[in-house]
Protein chains: 2
Amino acid sequence: MSTKNKILDAADVLFADKGFNGTSLREITSQANVNLAAVNYHFGSKKELIKAVMSRYMDELSPQLEAALALICQAEEKPSLHDVFSAFIEPLLYLNEFKVNGTSTFLQLLGRGYTDSQGFLRWFLTTQYPNVFTHFTQAVKIAYPELSTEEMFWRLHFTMGTIVFTMSSSEALIDIAQNDFDNKLDIAGVIERVIPYVAAGVAAPITKHN
Amino acid sequence: MSTKNKILDAADVLFADKGFNGTSLREITSQANVNLAAVNYHFGSKKELIKAVMSRYMDELSPQLEAALALICQAEEKPSLHDVFSAFIEPLLYLNEFKVNGTSTFLQLLGRGYTDSQGFLRWFLTTQYPNVFTHFTQAVKIAYPELSTEEMFWRLHFTMGTIVFTMSSSEALIDIAQNDFDNKLDIAGVIERVIPYVAAGVAAPITKHN
DNA sequence: AACTAATTAAAACATCTGTTTAAAATAACG
DNA sequence: CGTTATTTTAAACAGATGTTTTAATTAGTT
């Protein structure tokens, strides 16, 4: 494997586990069995490495999500909100196969990106991959046309928060759940449970605001 | 004002804004206009300072939340989920008055605590303030008795995620919303919008899992 | 094989981190 | 006032951080 990919793989896991600020380049390079200077040689800086780790996922995910959402928008029957959110499941789970050792860390990284480093990652994603967002809001608008644009803005961000936060602490939660309910569970099981939740949240009746 | 409080106030704002890892003691002490060594003198270590910042909020909030939830549980009429979640509003907004310069940073700090520092803050809160959690689950069980304990466990964590995540990035979101919809909005307005969302999410119909 | 370009390696860089030390200043109390 | 105790100060500590430099190695090309 190339040095570049060895760095990306190690950074991926460590960033997801300990955050961007919480992971040093020395941890990454020693985990990857490469020289410390290799990061700055291949990526320029730590910030660029973070972008590269995220881009590896987004470049794979973005077209798939857009395709799935486009399919829903063009369907004959009016889609339900459950349909819209379910469109995310397959592409997200597909990331896991495409990863070597089990589950992908993408959603955990997304959670890190929202809180770590004062939102520079949010800027990166919304400017580099804007189509995912616009297609998504379009799909929701078809499924729930009564919802005003502003109300939708908020509910979509609530949803984003639910998903990202849940996945970024999913390991700990799965551990607790398995202890308390001795119910075998994995990432797919968590997703199965969160979809009805967010669908119901977005579909909540509209309330007046003064 | 005492040195101890000057440190707590400065740390509060900086921790909320840049995270626990992202804030150095030197930033805190220079913002607070006190000597660097004062932190270790008064609190012992940075970790203890973090606990102190959180305890200041929790010691104020915890009894109020428990009282509000107890009131709901003992009411004659069966409370709705909306009632249960609304019980959080007043105590949370009360934190703002009790703060000098505007809105409290409590929920932002809570968000930091879940992602930063590998969940040691979650351990701290659940062990130091367990009653809030048990009272809350009791209230939800009364409002929605059909929900199994496991399903409730998940939905409450989804809710936690929604709230915490939303509030930890509320400033940025409010900015965006005000630009796009020129609608004056503050923290209270965001809370007003998130309550129906989470209430609907928790109240979502039960789905079979294999 | 010989020369050039790309990569790796070890070391040093300056800066920042939390914490500790020891002296100075202030407060409290008999 | 004089004597403790408490608090503040400046300085230094040891270690970690991202980045750069310079030399050694490897790969690619003619």
Side-chain angles (χ1 to χ4, degrees), chain A residues 1-56 105 109 112-113 115-124, chain B residues 1-56 105 109 112-113 115-124:
Chain A
M1 187 172 352
S2 70
T3 303
K4 216 167 169 175
N5 277 330
K6 280 198 275 186
I7 293 173
L8 283 173
D9 285 345
D12 185 316
V13 175
L14 287 169
F15 281 154
D17 197 39
K18 318 174 68 169
F20 300 116
N21 289 337
T23 306
S24 70
L25 294 185
R26 282 168 179 81
E27 288 181 85
I28 294 170
T29 52
S30 75
Q31 184 72 233
N33 267 314
V34 302
N35 189 270
L36 166 64
V39 172
N40 289 283
Y41 176 77
H42 284 285
F43 298 95
S45 68
K46 187 181 180 181
K47 212 161 195 172
E48 289 297 321
L49 172 62
I50 296 174
K51 285 191 197 173
V53 169
M54 294 307 290
S55 293
R56 198 164 57 146
T105 55
L109 289 170
R112 298 294 184 184
T115 48
D116 273 19
S117 58
Q118 286 178 304
F120 111 88
L121 201 61
R122 172 170 42 206
W123 165 85
F124 171 68
Chain B
M1 188 173 350
S2 71
T3 302
K4 216 166 168 174
N5 277 329
K6 280 198 276 186
I7 293 173
L8 282 172
D9 284 345
D12 185 316
V13 175
L14 288 169
F15 281 155
D17 197 39
K18 319 174 67 170
F20 300 115
N21 289 336
T23 306
S24 70
L25 294 185
R26 282 169 180 80
E27 288 181 85
I28 294 171
T29 52
S30 76
Q31 184 73 235
N33 268 313
V34 303
N35 190 270
L36 166 63
V39 172
N40 289 282
Y41 176 76
H42 284 285
F43 297 95
S45 68
K46 186 181 180 181
K47 212 162 195 169
E48 289 298 321
L49 172 62
I50 296 174
K51 285 191 198 174
V53 169
M54 295 307 290
S55 294
R56 198 164 57 145
T105 55
L109 289 170
R112 296 296 183 185
T115 48
D116 272 20
S117 59
Q118 286 179 303
F120 112 88
L121 202 62
R122 172 170 41 207
W123 164 86
F124 172 68

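The structure presented is a predicted model; accordingly, all values stated were derived computationally and were not measured. A note on names: the letters A, B, ... follow the listed sequences, proteins ahead of strands, and every chain is numbered from 1.
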Between Arg112(B) and Asn21(B), is there a donor-acceptor pair closer than 3.5 Å when you use the side chain of the first and the backbone of the second?
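A pair under 3.5 Å: no.
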
Look at the side chain of Thr105(A) and the backbone N and O of Ala16(A), then say whether any donor-acceptor pair between them is shorter than 3.5 Å.
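No: the side chain of Thr105(A) does not pair with the backbone of Ala16(A).
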
What string of B, S and - do you get for nucleotides 12-26 of chain C, 5' to 3', if B is base contact, S is sugar-phosphate-only contact and - is no contact with any protein heavy atom under 4.0 Å?
B----BBBB------

[X]: side-chain contact (heavy atoms from CB on, under 4.5 Å) partners, not counting sequence neighbours:
| X | answer |
| --- | --- |
| Ala11(B) | Phe15(B), Ile28(B), Leu49(B), Val53(B) |
| Ser30(A) | none |
| Thr29(A) | Val34(A), Leu36(A), Val39(A) |
| Asn5(A) | Met1(A), Ser2(A), Leu8(A), Arg56(A) |

Considering only heavy atoms of chain A and a distance under 4.0 Å, specify the first and last nucleotide of DNA chain D in 5' to 3' order that meet this criterion.
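It runs dT17(D) to dT20(D).
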
Report the stems of DNA chain C as range-with-range entries sorted by first number; a stem here is at least three consecutive pairs, Watson-Crick or G-U wobble, both distances under 3.5 Å, and write none if there are none.
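So far as stems of 3 or more pairs are concerned, DNA chain C shows C:1-16 with D:15-30, C:18-23 with D:8-13, C:25-28 with D:3-6.
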
Listed partners of Asn35(A) passing side chain to side chain donor-acceptor pair (under 3.5 Å), at least two apart:
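Applying side chain to side chain donor-acceptor pair (under 3.5 Å) to Asn35(A) gives none.
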
Can you name the salt bridge (Lys or Arg N to Asp or Glu O under 4.0 Å) partners of Lys51(B), sequence neighbours left out?
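Partners of Lys51(B) under the salt bridge (Lys or Arg N to Asp or Glu O under 4.0 Å) test: Glu48(B).
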
Once salt bridge (Lys or Arg N to Asp or Glu O under 4.0 Å) is applied, what residue pairs with a partner in residues 23-36 of chain B remain, sequence neighbours excluded?
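Salt bridge (Lys or Arg N to Asp or Glu O under 4.0 Å) check on residues 23-36 of chain B returns Lys18(B)-Glu27(B).
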
By the salt bridge (Lys or Arg N to Asp or Glu O under 4.0 Å) test, which pairs, at least two apart or in different chains, include something from residues 30-43 of chain A?
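Of all non-adjacent pairs touching residues 30-43 of chain A, none passes salt bridge (Lys or Arg N to Asp or Glu O under 4.0 Å).
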
